[in-house]
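Comments concern the structure below.
We number each residue from 1, following the sequence as shown. The basis for the numbers below is simple: all heavy atoms, side chains too, and nothing from hydrogens, waters or symmetry mates.
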Amino acid sequence: MDQWLQWLALPQHGLSTVFVVAFISATLLPMGSEPVLFGLVKLNPDLFWPAILVATAGNTLGGMFSWWMGWGTHQAVNRLRPSSSDKQALKWLEKLGPKACLLSWLPVVGDPICALAGWLHMPFWHCSIYMAIGKFLRYLIMTAALLWVFPAQWPLA
């Protein structure tokens, strides 16, 4: 296990691994990217900011992919049968608009929010910006908190 972690922690593998895991975890597949991000930063404290930014980019692009899946699904369903109205459960999301994508960082419900935003044809770029903000803050806070709990050489000092 140590060798595997050391291999993943190498800068040439670590950041790409963080990106791929963050991307996949932002789709509807149940997966967490925080442990991979924390492991990389723990083993390479000098990669704190690059890792946060790479994880944010991967997770945001994954959320954008989920948005497109929702949009595409809605288009396909509309071709098969015209929709009469959106379900009552989606009304709160419509009310919040793209700002609801700030919640895309939440476990379990965050990824479906991105897909539902696409389903509801909310503005793609507005949703993407809110996703990026929420995901960046999550990675920053989670990684900083884990480094505080499990101290390492702090790159911000």
Check: Is Val18 reachable from Met142 through a run of hydrophobic residues whose side-chain heavy atoms are each under 4.5 Å from the next?
Finding: no

Margin query: With clusters defined by side-chain heavy atoms of hydrophobic residues (ILVMFWY) lying less than 4.5 Å apart, directly or transitively, does Leu146 cluster with Leu15?
Written below: yes

[Y] and [X], any side-chain heavy atoms less than 4.5 Å apart:
| X | Y | answer |
| --- | --- | --- |
| Trp49 | Leu140 | yes |
| Leu40 | Thr17 | no |
| Ile141 | Phe136 | no |

Considering non-hydrogen atoms only, spot the tightest contact between [X] and [Y] and give its length.
| X | Y | value |
| --- | --- | --- |
| Ile113 | Ala100 | CG2-O, 3.7 Å |
| Leu147 | Val41 | CD1-CG1, 3.5 Å |
| Trp67 | Cys127 | NE1-SG, 3.9 Å |

Can you name the residues that form a side chain to side chain contact (heavy atoms under 4.5 Å, CB included) with [X], not counting sequence neighbours?
| X | value |
| --- | --- |
| Phe23 | Thr27, Leu61, Phe65 |
| Pro35 | none |
| Cys114 | Ser66, Ser104, Met131 |
| Leu106 | Leu103, Val109 |

Kindly compute the distance separating [atom1] ([X]) from [atom2] ([Y]), expressed to the nearest 0.5 Å.
| X | Y | atom1 | atom2 | result |
| --- | --- | --- | --- | --- |
| Leu93 | Met122 | CG | CE | 3.5 Å |
| Trp71 | Phe124 | CH2 | CZ | 11.0 Å |
| Leu37 | Thr143 | CG | OG1 | 3.5 Å |

Check: If you look only at pairs with a residue in residues 55-64, which of them pass as a side-chain hydrogen bond (donor to acceptor under 3.5 Å, both in side chains), with sequence neighbours excluded?
Finding: Ser25-Asn59, Asn59-Lys135, Asn59-Arg138, Asn59-Tyr139

Checklist line | His126 atom NE2: more than 12 heavy-atom contacts under 6.0 Å | finding: no

Next item on the list: Determine the interplanar angle of the His74 and Trp119 rings, folded into 0 to 90°, and report it as parallel if under 30°, tilted if 30 to 60°, perpendicular if over 60°.
Entry: parallel

Item checked: Inter- and intrachain pairs under salt bridge (charged side-chain N to carboxylate O under 4.0 Å, His left out), touching residues 13-22, at least two apart -> none

Note to self: Just to verify, what does Phe38 make a ring-ring contact (aromatic ring centres under 6.0 Å, His included) with, not counting sequence neighbours?
What the structure shows: Phe150

